[in-house]
Student: 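What follows is a structure written as structure tokens; I'll ask about it next.
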Amino acid sequence: MKKTSISVFIIIFILTGLLSACEKEVHTKEFFPERAFSVHMTATKGEKSFEADIICRTYEDIEIAFTKPKELSGFSVKTTENGYNINVFGVPDEIPDTQIEDTSLLNILTRTIKTAVFTNHGCFTEKEDCFEAELTIDGTSVTVSFTKDGYLRDMNAPEIGFSAIFEYSG
């Protein structure tokens with residue numbers, strides 16, 4: 001019986017040591033992403049590549065201005081209370097988010113930012129050079145990471161073929 005108790009103690013001790021050597025979970029009270037920011041996004045969805053400037057002022061005020069490819073330059077989107085104000089080359093239009101597919105670029109991007117930045121979704125995992133969160137946005141798994149100083153760094157949703165890298169623009 002003593003050998004069993006000692007063996008169990010040793011196994012628990014080793015497991016505790018191994019687990020503490022792994023990545024450390026950081027609760028949101030210890031890490032808060034920047035809530036207002038301006039970033040340049042380089043992204044792909046499927047086989048399409050594009051770039052956009054994103055300005056996040058508040059939960060309800062996120063603006064995306066596409067810069068590449070050339071066909072999208074001049075196309076911008078701003079979140080509203082119930083959807084998006086889309087400006088297509090100077091012609092504005094309001095579209096409820098319910099009319100846009102949940103896995104669309106707009107919904108995944110804006111809902112991930114809103115969830116990761118503005119809600120208490122549980123915890124981040126501290127990595128060597130970033131903080132990372134695994135989220136589920138309308139049934140889609142999204143990994144989002146932030147720089148150590150709280151700025152959006154990258155976002156990946158492999159099941160819908162979306163990945164993005166963000167550069168802080170000051």
Student: Cut-off 3.5 Å, no hydrogens considered: what does the side-chain donor-acceptor table look like for residues 144-152, sequence neighbours left out?
Tutor:
| from | atom 1 | to | atom 2 | distance (Å) |
| --- | --- | --- | --- | --- |
| Ser145 | OG | Arg153 | NE | 3.3 |
| Ser145 | OG | Asp154 | OD1 | 2.8 |
| Ser145 | OG | Asp154 | OD2 | 3.2 |
| Thr147 | OG1 | Asp149 | OD1 | 2.4 |
| Thr147 | OG1 | Tyr151 | N | 3.0 |
| Thr147 | OG1 | Tyr151 | O | 3.4 |
| Lys148 | NZ | Glu126 | OE2 | 2.8 |
| Lys148 | NZ | Lys127 | O | 3.2 |
| Tyr151 | OH | Tyr168 | OH | 3.4 |

Student: For the side chain of Thr80 and the backbone of Gly83, is there at least one donor-acceptor N/O pair under 3.5 Å apart?
Tutor: yes

Student: Scan side-chain atoms only and decide if Glu132 and Thr125 contain a donor-acceptor pair under the 3.5 Å cut-off.
Tutor: no

Student: Starting at NZ of Lys114, measure out to CG of Asn107 and round the result to the nearest 0.5 Å.
Tutor: 9.0 Å

Student: What is the minimum heavy-atom distance between Ile62 and Thr110, and which atoms define it?
Tutor: CD1-O, 4.2 Å

Student: Would Ser141 and Glu159 count as a side-chain contact (heavy atoms from CB on, under 4.5 Å) if you check the C-alpha gap in whole Å, the side-chain angles of each, and the deciding distance to 0.1 Å?
Tutor: CA-CA 7 Å; Ser141 296; Glu159 68 189 75; 3.7 Å; yes

Student: Determine, stepwise, if the pair Val117 / Phe37 fulfils side-chain contact (heavy atoms from CB on, under 4.5 Å).
Tutor: CA-CA 11 Å; Val117 173; Phe37 57 86; 4.2 Å; yes

Student: Heavy-atom count check: over 12 atoms from other residues, nucleotides or ligands less than 6.0 Å from Ile100 CD1?
Tutor: yes

Student: Count I, L, V, M, F, W, Y as connected when their side-chain heavy atoms are under 4.5 Å apart, and connections chain through other members. Are Ile55 and Phe118 then in the same cluster?
Tutor: no

Student: If you measure from CD on Glu101 to CD1 on Ile108, what distance do you get to the nearest 0.5 Å?
Tutor: 9.5 Å

Student: Same hydrophobic cluster for Val39 and Ile165, using side-chain heavy-atom links shorter than 4.5 Å among ILVMFWY?
Tutor: no

Student: Could you go step by step and tell me if Thr140 and Asp102 meet the side-chain contact (heavy atoms from CB on, under 4.5 Å) rule?
Tutor: CA-CA 9 Å; Thr140 301; Asp102 284 341; over 6 Å; no

Student: Side-chain contact test, heavy atoms from C-beta onward, threshold under 4.5 Å: evaluate it for Tyr84 versus Asp93 and give yes or no.
Tutor: no

Student: Thr58: which residues meet the side chain to side chain donor-acceptor pair (under 3.5 Å) condition with it, sequence neighbours left out?
Tutor: none

Student: For the backbone of Glu60 and the side chain of Thr79, can you confirm whether one donor and one acceptor N or O come within less than 3.5 Å of each other?
Tutor: yes

Student: Indicate the atoms forming the closest heavy-atom contact of Ala43 with Ala164, along with that distance.
Tutor: CB-CB, 3.7 Å

Student: Go through the steps for Ile113 and Cys56 under the test side-chain contact (heavy atoms from CB on, under 4.5 Å), then give the verdict.
Tutor: CA-CA 9 Å; Ile113 290 171; Cys56 179; 4.2 Å; yes

Student: Is Leu72 reachable from Ile95 through a run of hydrophobic residues whose side-chain heavy atoms are each under 4.5 Å from the next?
Tutor: yes

Student: Can Ser163 and Thr44 be counted as having a side-chain donor-acceptor contact under 3.5 angstrom?
Tutor: yes

Student: Check Arg57 with Glu63, please: is the shortest side-chain N to carboxylate O separation under 4.0 Å?
Tutor: yes

Student: Can you tell me how the ring of Phe31 sits relative to the ring of Phe124, calling it parallel under 30°, perpendicular over 60° and tilted otherwise?
Tutor: perpendicular

Student: State the CD1-OG distance between Ile54 and Ser38, to the nearest 0.5 angstrom.
Tutor: 9.0 Å

Student: Would you kindly check if the NZ (Lys) or CZ (Arg) of Lys68 is within the cone defined by 45 degrees around the ring axis of Phe50 and under 6.0 Å from the six-membered ring centre?
Tutor: no

Student: Less than 4.5 Å apart, any side-chain heavy atom of Phe162 and any of Leu105?
Tutor: yes

Student: Ignoring hydrogens and angles, tell me if any N or O in the side chain of Thr115 forms a donor-acceptor pair with the backbone of Thr112 under 3.5 Å.
Tutor: no

Student: Supply the atom-to-atom distance Asp138 CG to Ser104 OG, rounded to the nearest 0.5 angstrom.
Tutor: 9.0 Å

Student: Could you grab the distance from atom CG of Asn85 to atom NZ of Lys78, nearest 0.5 Å is fine?
Tutor: 7.5 Å

Student: Do Thr67 and His40 have side chains that approach each other closer than 4.5 Å (heavy atoms only, starting at C-beta)?
Tutor: yes

Student: How long is the straight-line distance from OG of Ser73 back to CD of Glu51, given to the nearest 0.5 Å?
Tutor: 10.5 Å

Student: Tell me whether Met155 is reachable from Leu106 by hopping between hydrophobic residues (I, L, V, M, F, W, Y) whose side-chain heavy atoms are closer than 4.5 Å.
Tutor: yes

Student: I need the minimum non-hydrogen distance between Ala65 and Ser76, along with the two atoms involved.
Tutor: CA-CB, 4.0 Å

